[in-house]
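Order of the sequence lines fixes the chain letters, A, B, ..., with proteins taken first and strands second; residue numbering starts at 1 for each chain.
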Number of protein chains: 2
Amino acid sequence: MAFNSGKKKISESTIHRLSLYYRVLSILEKENHQTVSSKELARREKLTPAQVRKDLSFFGSFGTRGLGYPVSELKRQIGDILGINRGWNVAMVGVGNIGSALVGYKEFQRQGFNIKVIFDNDQRKIGSNHKGIIVSDIRNLERDLRANNIEIVILAVPATVAQYIVDDIVRAGIRGILNFAPLNLKVPDHVFLRNENMSMELEYLSFALKNSETSKSGEGKGHKI
Amino acid sequence: MAFNSGKKKISESTIHRLSLYYRVLSILEKENHQTVSSKELARREKLTPAQVRKDLSFFGSFGTRGLGYPVSELKRQIGDILGINRGWNVAMVGVGNIGSALVGYKEFQRQGFNIKVIFDNDQRKIGSNHKGIIVSDIRNLERDLRANNIEIVILAVPATVAQYIVDDIVRAGIRGILNFAPLNLKVPDHVFLRNENMSMELEYLSFALKNSETSKSGEGKGHKI
DNA sequence: TTGCGATTGTGAAGGAATTCACAATCGTAA
DNA sequence: TTACGATTGTGAATTCCTTCACAATCGCAA
């Protein structure tokens with residue numbers, strides 16, 4: 001393929017799978033593999049080889065026929081596509097249960113998401129040290145987001161106040177928000193909002209277990225009822 | 001529609017959307033709405049009314065033409081479909097950052113997932129009290145999972161030990177596992193394993209932001225490159 | 001009791017994502 | 001220098017998912 005000149009639609013699932021490939025490639029790199037085939041990549045992620053090749057083909061041709069893909073090189077390329085090689089300045093808003101756990105979550109840093117500022121409204125927390133970062137007063141949200149060149153905000157506050165805070169965040173010029181609060185937030189069109197709903201997968205398990213009691217299902221994509 | 005006699009394939013997305021409907025219905029119930037139309041439900045979740053109706057139609061016909069769906073009744077029905085009304089006994093394995101945050105996560109209980117036991121291998125944590133639950137020694141994993149009739153396990157341990165622990169969990173007869181460790185675990189066919197990958201949505205944001213700099217995209221499903 | 005606006009439930013159509021299938025092409029070994 | 005097994009990249013075929021479009025039918029008002 002020539003180059004990524006033409007505009008193509010990339011599906012959400014493809015992007016999510018790139019994340020998976022990236023993670024496996026990191027592991028393969030540590031295990032000193034030089035190359036990897038679409039077959040092996042697929043096996044590790046429970047996908048088909050064709051799926052892997054198709055996903056990658058949207059962005060270019062990274063492999064060598066007969067050999068496979070160069071592990072480190074492909075990892076770097078996917079990192080470029082996802083935009084995680086460049087690194088991002090991230091702020092955490094809310095240092096309750098979830099928020100403080102995520103501040104200490106190594107995986108984020110490893111993927112290039114650097115938490116630079118933490119906000120809370122609790123006077124007892126403000127000024128305290130969380131994993132080397134001093135908690136800021138949420139009343140200075142807009143000012144401190146700008147001062148630290150924050151590009152992405154992770155929101156881990158109670159649902160009751162989430163919308164007000166999002167409005168502030170948007171006003172500060174932030175265009176990427178990851179929301180952990182269990183509600184649907186409103187943002188302008190130019191802002192990217194993603195929701196992390198941790199109950200969802202538990203509920204899927206619940207559904208699967210409930211229905212497997214009668215109709216013993218294997219590992220297929222869907223479920224019989 | 002008659003009844004759910006025939007076996008139909010239900011897609012993963014449909015189940016995930018049921019979770020969304022359930023959450024919105026809980027909110028509508030609190031706001032004292034008696035009925036809700038597919039149009040309104042769709043608006044709140046940024047879906048199409050047809051999608052909402054089709055999803056529900058897989059499981060029965062819950063609405064009234066001209067009126068919409070009865071909020072509380074539909075919520076109960078979806079709860080039944082997802083299997084969350086009956087409640088589940090859940091164990092948390094690993095009380096590090098993520099694990100201890102999730103133990104205190106109210107949303108799980110609210111959806112019928114009751115954390116009954118907590119395990120860790122750290123002698124300093126074993127015996128200590130986490131949100132009213134005494135941390136058990138992971139060496140008693142199999143015994144205590146059985147003793148407490150645990151049906152679902154949430155795994156929040158370092159990637160390095162996750163597979164060993166999963167093997168134990170499977171040996172204890174558990175058939176539902178929610179994994180937070182960043183790796184792909186192997187389980188037998190009869191066990192349902194779901195992965196929660198919190199970096200994934202951040203990486204999607206990264207991709208979206210990176211690509212929006214040039215090709216200003218709106219709120220469509222996919223992304224141009 | 002009839003008529004009307006609103007909304008569901010669902011086959012059929014349309015669109016999107018996945019898989020198939022194979023030509024192209026690599027590294028390697030004789 | 002050629003022959004071969006392996007593997008990619010990709011149009012075409014297929015499968016899966018979403019949206020359309022409309023008959024069916026409800027509550028309500030006159």
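- With contacts defined as side-chain heavy-atom distances shorter than 4.5 Å, the pair A/L20/B/N184 does not qualify.
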Under 4.0 Å protein heavy-atom contacts per nucleotide of nucleotides 24-30 of chain C, with B for base, S for backbone only and - for none = BBB----

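- Nearest to the side-chain atoms of A/S11 among the listed nucleotides D/dT19, C/dG9, C/dA17 stands C/dA17.
- Partners of A/R65 by salt bridge (Lys or Arg N to Asp or Glu O under 4.0 Å), not counting sequence neighbours: none found.
- Taking the salt bridge (Lys or Arg N to Asp or Glu O under 4.0 Å) definition, one finds that B/E73 meets it with B/R76, sequence neighbours left out.
- Checked against side chain to side chain contact (heavy atoms under 4.5 Å, CB included), A/T48 has the following partners two or more places apart in sequence or in another chain: A/A50, A/Q51.
- Summarising the geometry, the separation between CD on A/E45 and C1' on C/dT18 is reported as 17 Å, rounded to the nearest angstrom.
- In this model, the phosphate group of C/dA6 is not approached by any side-chain N or O of B/Y69 to a distance below 4.0 Å at OP1 or OP2.
- Here B/S37 pairs with B/K39, B/E40 under the side chain to side chain contact (heavy atoms under 4.5 Å, CB included) rule; sequence neighbours left out.
- In this structure B/R86 satisfies the side chain to side chain contact (heavy atoms under 4.5 Å, CB included) test together with A/E213, B/W88, B/E151, sequence neighbours excluded.
- Judged as a salt bridge (Lys or Arg N to Asp or Glu O under 4.0 Å), and not counting sequence neighbours, the contacts of B/K75 are B/E29.
- Comparing A/D55 and B/A50 along DNA chain C, the residue whose closest nucleotide (by nearest heavy atom) sits nearer the 5' end is B/A50.
- Remark: B/T48 is in phosphate contact with D/dT19, judged by side-chain N or O atoms under 4.0 Å from OP1 or OP2.
- Here the C1' atom of nucleotide D/dT10 and the CZ atom of A/F62 are 15 Å apart, to the nearest Å.
- Look at NZ on A/K46: it is 17 Å from P on C/dT18, rounded to the nearest Å.
- Ranking D/dG9, C/dT8, D/dT18 by closeness to the A/R53 side chain, first place goes to D/dG9.
- A donor-acceptor contact closer than 3.5 angstrom is absent between the side chains of B/K116 and B/N148.
- Atoms CD (B/Q51) and C1' (C/dT10) sit 14 Å apart, rounded to a whole Å.
- If you measure from atom NE2 of A/H16 to atom P of C/dA17, you get 12 Å, rounded to the nearest angstrom.
- Between B/E12 atom CD and D/dC17 atom P the separation is 10 Å, expressed in whole Å.
- Listed by chain and residue number, B/P49, B/V52, B/R53, B/Y69 satisfy the side chain to side chain contact (heavy atoms under 4.5 Å, CB included) test with B/S38 (two or more places apart in sequence, or in another chain).
- Put simply, CG on B/L56 is 16 Å from P on C/dT7, counting in whole angstrom units.
- Rounded to whole Å, the distance from CZ on B/F58 to C1' on D/dC16 is 10 Å.
- Contacts with DNA chain D (heavy atom under 4.0 Å) in residues 25-43 of chain A: A/S37, A/S38, listed by number.
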